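Remarks on the structure that follows.
Heads up: numbering here begins at 1 and tracks the sequence. Since the model is a prediction, treat every value here as computed from it, not as a measurement.
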Amino acid sequence: MKIPVGISNRHVHLSREHLDILFGKGYELTKIKDLRQKGQFAAEETIDIEGPKGKISHVRILGPERNKTQVEISKTDGYVLGVNPPMRDSGDLAETPGITISGPRGQVMLQEGLIIAARHIHMNETDAAKIGVKDNEHVSVRVDGERSLILEKVLCRVHPSFVLEFHIDTDEGNAAGLKNSDVVEIIQVDSYHQLEVVEERQILLFNCGSSSIKYKLYRMPNKQLLASGVIEHIKKEEYGQHLLQIAQDMQLYRIDAIAHRIVHGGEEFAQSIIIDERVKAAIKKLTPFAPLHNPVNLLGIEWTEKLFPNLPQVAIFDTAFHQTMPPSSFIYPIPYEYYTNYKIRKYGFHGSSHRYVMERAEVMLEMPKEKLRLISCHIGNGVSLTAIRYGISYDTTMGFTPISGVSMGTRSGNIDPGIIPYLAEIEGMDVHGVVENILNKKSGLLGISGKSNDIRDILQGIREGDERCKLAIDVFTKRIQAYIGQYLARLHGVDGIIFTAGIGENSAEIRERICAGFEHAGVVIDQHANHRATGERFISTPFSPVKVMVIPTNEELIMARDAYQLVTQMISV
């Protein structure tokens, strides 16, 4: 279960008696904002606290009033004040140290009530039932990120009014690399495997394309990139020598595992997997589904098995994320036996990218992905949109092959299938030649504009008055809009729209064109955030019911993480 984080800064809860002393008889706190837990709020008023060695000013008061005054600080605050409070659950104040509290109208010599709040999770009874815990029981929490770790003995506080939230103090938050916008995960594992999960591994990633090799070396789980490179314009017979050179360069590093991007996993693979002979045979069997990519992907595996003997190898499939789609999303309206006999169906691609940005969106939105409806727009030279429903792929635009769906850089996207044999006849080609040479390489932005498949060249063409460039952009954006509209209906509304990949991340004009017209559906763009801000961000206004985000993708990080988890599990078993 994923849980949003709430960093608990130093604060004080006051009794009515002490509120009267500090601020005057009958004084009422001024609320500046509601907190996540029902009925709780941050007050405008602050007080000062003083110990034997020092003083901390402007400590925030949280409402409402309590039966007993309680001051919550961090260990670092304790050093400043010269006190050593125990780590306790809220309200457990017996035999705790006191402290001096000063307000504008008086001072209180608190005899007891100073604690460091134990890390804890607020949850209601439904949330508690999902993971099988009761009030005052403990779980472990996993923190992903640069300082990946597992926090043990996290107290569960169960109440009907509680909203799911993980509370830790500022010291622990800093140590874990957490902030209020982050998400952690409840886990249930024994101590031995907890130690294994955070053991360091170095994962070498390969993306062997039809004419290129990309590679990256990550140290996991802290996601540190140690080395990377790209080799382009490679002939098939040259792959071995280039992979040999990469292997020689990697002798400077310790390698614990190899991960490979595999374009097509068919229905056989719904998740990443350790490669064995059965997996290789399945990848080869799927060659007709991805004839330009799967053979080269397999070639990369076979070469690295020779160059890095005895190392575990992991396959990460572009199609895996989409294997959760229901039949209404993946079945084509052709005779059903073509699916049952030959597995002709929609598979979808860019899975690692859609999965990565979904996980970043749940952090940005401070909401577990299991409660979110998202539309992820991966817009680069290849384009695919995915409707994500409660953490899983529900529908996507690419289909049996990556040619289908929306118009792309050089790919046509969906067209009338009757065009294909007609083009074959007038061009003197076979059907395969039409699909591969015309629909895959000469269509899309390039085909309509006659100028380029680079969005920057086409936008410049529009500024110069080129009508075909304008038409190319109109077709490109309108087809994306059509799918967003379809997914709005299929998801019954959305919580967020994500733009990612080269065009999605970098072209404010394309994002604006795509979002225009969806104001009625709750999409309100912030022009400054869209055009002038950079990096991972919201580009919708704070008042937009649908949040629109730009999230730079990182497919390689998904590959490294999957490989790390699989290899760690394999070694620890």
Side-chain angles (χ1 to χ4, degrees), residues 1-4 126-127 130-131 142 144 164 183-187 261-273 315-332 339 343 345-378 383-400 402 404-406 483-501 504 546-549 551 553-555 557-559 561-562 565-566:
M1 178 184 288
K2 295 291 183 70
I3 313 168
T126 302
D127 294 326
K130 287 179 181 177
I131 58 172
R142 180 166 57 214
D144 292 325
L164 192 64
V183 171
V184 295
E185 185 174 11
I186 295 176
I187 59 172
R261 180 193 180 201
I262 311 298
V263 167
H264 217 303
E267 289 187 329
E268 285 87 342
F269 302 105
Q271 58 190 11
S272 302
I273 191 170
I316 288 88
F317 299 92
D318 271 12
T319 50
F321 180 64
H322 301 296
Q323 295 310 298
T324 55
M325 290 189 296
S328 59
S329 293
F330 70 71
I331 289 293
Y332 287 123
Y339 166 63
K343 300 303 178 186
R345 51 157 286 181
K346 179 190 288 187
Y347 288 98
F349 299 88
H350 295 145
S352 295
S353 176
H354 292 298
R355 182 174 149 206
Y356 175 82
V357 298
M358 171 193 70
E359 293 178 1
R360 291 304 306 159
E362 73 173 333
V363 172
M364 293 176 67
L365 294 168
E366 299 185 47
M367 185 72 67
K369 62 178 181 286
E370 290 81 6
K371 296 184 177 181
L372 291 173
R373 297 161 301 166
L374 302 167
I375 298 174
S376 171
C377 306
H378 177 109
V383 184
S384 69
L385 279 65
T386 295
I388 300 173
R389 184 174 182 267
Y390 307 139
I392 62 174
S393 174
Y394 190 68
D395 201 353
T396 192
T397 55
M398 285 183 171
F400 184 69
S404 63
V406 299
Y483 272 105
I484 291 176
Q486 181 186 136
Y487 292 164
L488 280 166
R490 291 213 70 194
L491 295 172
H492 302 284
V494 296
D495 302 293
I497 296 173
I498 305 165
F499 288 97
T500 192
V546 175
K547 304 305 179 186
V548 185
M549 295 156 276
I551 303 179
T553 192
N554 195 334
E555 298 169 86
L557 197 54
I558 288 288
M559 292 175 63
R561 193 179 69 190
D562 279 10
Q565 291 172 349
L566 284 167

TODO: Go through the steps for Ile316 and Arg261 under the test side-chain contact (heavy atoms from CB on, under 4.5 Å), then give the verdict.
DONE: CA-CA 5 Å; Ile316 288 88; Arg261 180 193 180 201; 5.7 Å; no
Taking C-beta and beyond as the side chain, do Leu365 and Leu372 meet within less than 4.5 Å on heavy atoms?
-> yes
Side chains of Cys377 and Ile484: closer than 4.5 Å at any heavy-atom pair? yes
Side chain to side chain donor-acceptor pair (under 3.5 Å) filter on Ser352, not counting sequence neighbours, yields none
Check for me whether the distance between the ring centres of His264 and Phe349 falls short of 6.0 Å.
yes
- Query: Short question: side chain of Gln323, backbone of Thr319 - any donor-acceptor pair under 3.5 Å?
  - Reply: yes
Sorted by chain and residue number, the side chain to side chain donor-acceptor pair (under 3.5 Å) partners of Tyr339 (sequence neighbours excluded) come out as Glu267
Under 4.0 Å between a side-chain nitrogen and a carboxylate oxygen: does that hold for Lys547 and Asp495? no
task = Examine the side chains of His354 and Ser376 and answer whether a donor and an acceptor come within less than 3.5 Å of each other.
result = yes
For this session: Could you please spell out the steps behind the side-chain contact (heavy atoms from CB on, under 4.5 Å) verdict for Leu491 and Ile375?
Result: CA-CA 9 Å; Leu491 295 172; Ile375 298 174; 4.1 Å; yes
Taken to the nearest 0.5 Å, the spacing of Tyr390 OH from Thr324 OG1 works out to 14.0 Å
| request: Please assess Phe499 against Ile551 for the test side-chain contact (heavy atoms from CB on, under 4.5 Å), listing each intermediate value before the final yes or no. | output: CA-CA 6 Å; Phe499 288 97; Ile551 303 179; over 6 Å; no
**Asked** Any ion pair linking Arg355 and Asp562 (charged N to carboxylate O, less than 4.0 Å)?
**Response** yes
Original post:
Less than 4.5 Å apart, any side-chain heavy atom of Phe269 and any of Ile262?
Top reply: no
Applying salt bridge (charged side-chain N to carboxylate O under 4.0 Å, His left out) to Lys371 and not counting sequence neighbours gives none
With sequence neighbours left out, the residues meeting salt bridge (charged side-chain N to carboxylate O under 4.0 Å, His left out) with Glu268 are none
| message | Tell me if a side-chain donor or acceptor on Arg373 pairs with a main-chain N or O of His492 at a distance below 3.5 Å. | response | yes
Is there a side-chain contact between Val406 and Met398 in this structure, where contact means two heavy atoms from C-beta onward sitting under 4.5 Å apart?
no
- With side-chain contact (heavy atoms from CB on, under 4.5 Å) as the test, would you mind laying out the steps for Phe400 and Tyr347 before giving the verdict? CA-CA 5 Å; Phe400 184 69; Tyr347 288 98; 3.8 Å; yes
Donor-acceptor pair, distance only, cut-off 3.5 Å: does the side chain of Thr397 make one with the backbone of Leu385?
yes
On a heavy-atom basis, the closest approach of Asn554 and Tyr356 is N-CD2, 3.4 Å
Value for CZ (Phe321) from CD1 (Ile558), rounded to nearest 0.5 Å, stands at 9.0 Å
Salt bridge (charged side-chain N to carboxylate O under 4.0 Å, His left out) filter on Asp395, not counting sequence neighbours, yields Lys346, Arg490
Side chain of Tyr487, backbone of Tyr394: donor and acceptor closer than 3.5 Å? no
I want to check something: taking the side chain as every heavy atom from C-beta on, are Ile497 and Leu374 in contact at a cut-off of under 4.5 Å? no
Verify whether one side chain among Thr500 and His378 offers a donor that lies under 3.5 Å from an acceptor in the other. no
Distance col, row Arg561:CZ vs Leu566:CG, nearest 0.5 angstrom, shows 11.5 Å
With sequence neighbours left out, the residues meeting salt bridge (charged side-chain N to carboxylate O under 4.0 Å, His left out) with Glu185 are Arg142
When rounded to the nearest 0.5 Å, the distance separating NE2 of His322 from OG1 of Thr396 is 4.0 Å
